[in-house]
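The block underneath contains the structure these notes are about, expressed in structure tokens.
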Protein chains: 2
Amino acid sequence: MAAESRTTHALTPDPLTREVVDLFGTVVARFHEEYELAASEHQLTGAQARVLALLAREPTPMRQVARQLKCEPSNVTGIVDRLESRGLVERRADPADRRVKVAAATEQGRTTAAQLRGGLDFAGAPLAELTPAERTLLRDLLRRMLGDDAVTETP
Amino acid sequence: MAAESRTTHALTPDPLTREVVDLFGTVVARFHEEYELAASEHQLTGAQARVLALLAREPTPMRQVARQLKCEPSNVTGIVDRLESRGLVERRADPADRRVKVAAATEQGRTTAAQLRGGLDFAGAPLAELTPAERTLLRDLLRRMLGDDAVTETP
DNA sequence: TATTGTTATACTCTATAACTATA
DNA sequence: TATAGTTATAGAGTATAACAATA
């Protein structure tokens, strides 16, 4: 590692690093576009789709939803309200702690979540450009880049 | 409805593709976190930071800003209003067409944009895990994945 | 006393539609 | 007529602070 790394690399990254960051910026932009589009096809906002996807995997207390969304708990109330009013999600009591409300996807909610995931064309379009060998390479690079927690995050 | 139809790859992508998509999902989440954090350190919202970064590169008519942000032109009015009220951006007349207003970063705006970019630690942290050779590999894979327009988009 | 979820409030972003001033 | 930018409006996400119920 270079002696001046920590403070310097951010202000004057080498051209290669900078290009990779820019490419990731493009990936991020496209991913978001696709996600919002897929969500809107189900009359959902991006935030609603994210919460629904999360709850379709596993019923989760409100507070924990907020933590996973990295937002304030008060926001989750409204998002779950809207999902609940459409029958996609329900609030359940937690027998162990009566303060807790566990948000859970309904049957209809799980169906919608599955369709939403299927509608994400991101998997098909850009990755189709790569051969399986290249995809494996890409996967390994991303894994190393993100560290072990990235693998664990996979639903 | 029993979902047995395999008309699209999207419903049952192979595990490799699915994992890569999930990894990109993690990249997207991290990128966004970092971006919002860097923006908030300058008392900017994400949208304001994006517009400022855009205008720091090149003065741009309002309508074109909207196109690049992929949002309605009416939204840009408010975002530029807020940036302008803080002296980071200014509106200029276009001599060629008096309907057009060209938004441009001020000197202070360009400074802030540069700091903002420098504050994006995304370049440093995850990519530091990779060797230069691996970064080159990653760059080439991303380029192929995104197509030629991704290269052109690079500022 | 501390924690969970909610409410109340204020701000920003967003799309839609109507308006103005130019072209 | 068509276009660029704005205004007006309404809905959604967001953080902050204060609150009730429960621990």
Side-chain angles (χ1 to χ4, degrees), chain A residues 29 32-33 35-55 59-86 88-104, chain B residues 28-29 32-55 59-86 88-104:
Chain A
H32 250 85
E33 272 173 59
Y35 199 89
E36 296 285 325
L37 182 66
S40 72
E41 278 165 6
H42 293 272
Q43 280 75 248
L44 293 171
T45 65
Q48 286 165 12
R50 275 190 292 280
V51 170
L52 180 59
L54 203 135
L55 298 181
T60 310
M62 301 294 281
R63 199 121 199 142
Q64 203 175 318
V65 173
R67 263 194 298 270
Q68 297 194 48
L69 247 67
K70 291 181 209 306
C71 73
E72 293 302 311
S74 59
N75 302 328
V76 180
T77 299
I79 298 173
V80 168
D81 278 352
R82 280 161 220 126
L83 289 170
E84 192 169 33
S85 74
R86 290 177 50 187
L88 300 171
V89 152
E90 63 186 5
R91 275 177 243 238
R92 298 176 189 159
D94 180 347
D97 186 338
R98 282 161 54 193
R99 293 173 302 181
V100 171
K101 284 178 189 165
V102 178
Chain B
V28 169
H32 251 84
E33 272 173 60
E34 299 237 6
Y35 200 89
E36 297 285 326
L37 181 65
S40 73
E41 278 166 5
H42 293 272
Q43 279 76 249
L44 293 171
T45 65
Q48 287 165 9
R50 276 189 292 280
V51 170
L52 180 58
L54 203 136
L55 299 180
T60 310
M62 300 294 281
R63 201 124 199 135
Q64 203 176 317
V65 173
R67 263 195 299 270
Q68 297 195 47
L69 247 66
K70 293 183 208 306
C71 73
E72 293 303 312
S74 59
N75 301 329
V76 180
T77 299
I79 298 173
V80 168
D81 279 351
R82 280 159 221 129
L83 289 171
E84 193 168 32
S85 73
R86 290 177 50 187
L88 300 172
V89 152
E90 64 187 5
R91 276 177 241 240
R92 299 175 188 161
D94 180 347
D97 186 338
R98 282 162 53 194
R99 294 172 303 180
V100 172
K101 285 178 188 166
V102 178

Across the strands shown, which category fits B:Arg91 at heavy-atom distances under 4.0 angstrom: base, sugar-phosphate, nothing? sugar-phosphate
note: B:Glu33, atom CD; D:dT14, atom P; distance rounded to Å ~ 13 Å
In whole Å, what is the span from the CE atom of B:Met62 to the C1' atom of D:dT6? 9 Å
Looking at A:Pro73 and A:Ala66, what are the two nearest heavy atoms and their distance? CA-CB, 3.6 Å
Could you tell me whether the side chain of A:Thr77 has a donor or acceptor atom within less than 3.5 Å of a complementary atom in the base of C:dT7? no
Taking only side-chain nitrogens and oxygens of A:Lys101, does any of them come within less than 4.0 Å of OP1 or OP2 of D:dA21? no
Grab the CG-C1' distance between B:Asp81 and D:dG5 for me, whole Å please. 11 Å
May I have the distance from A:Glu36 (atom CD) to D:dG11 (atom P), rounded to whole angstrom? 19 Å
Closer than 4.0 Å, any side-chain N/O of B:Ser74 to the OP1 or OP2 of D:dA8? no
Less than 4.5 Å apart, any side-chain heavy atom of A:Gln68 and any of A:Arg50? no
Report the C-alpha distance between B:Leu54 and B:Leu69 in whole Å, list the side-chain angles of each, state the deciding distance to 0.1 Å, and finish with yes or no for side chain to side chain contact (heavy atoms under 4.5 Å, CB included). CA-CA 9 Å; B:Leu54 203 136; B:Leu69 247 66; 4.1 Å; yes
When you match B:Asp97 and A:Gly46 each to their closest nucleotide on DNA chain D, which lands nearer the 5' end? B:Asp97
To the nearest 0.5 Å, how far apart are CD in B:Gln48 and CD in B:Gln43? 10.5 Å
Which sits closer to the 5' end of DNA chain D, A:Gly78 or A:Pro95, going by the nucleotide each is nearest to? A:Gly78
Across the strands shown, which category fits B:Arg98 at heavy-atom distances under 4.0 angstrom: base, sugar-phosphate, nothing? sugar-phosphate
Taking CZ from A:Arg63 and C1' from C:dT3, how many angstroms apart are they, rounded to a whole number? 7 Å
In whole angstroms, the gap separating C1' of C:dT4 from CD of A:Gln64 amounts to 13 Å
Separation of C:dT6 atom P from A:Asn75 atom CG, nearest Å, is 12 Å
If you check every side-chain atom of B:Val100, which of C:dT6, D:dA15, D:dG5 has the closest atom? D:dG5
Would you say C:dA23 has OP1 or OP2 under 4.0 Å from some side-chain N or O of B:Arg99? no
Can you tell me how far the OG1 atom of A:Thr45 sits from the CD1 atom of A:Ile79, to the nearest 0.5 Å? 6.5 Å
Can you check the B:Glu72 CD to C:dC19 C1' distance for me, whole Å? 16 Å
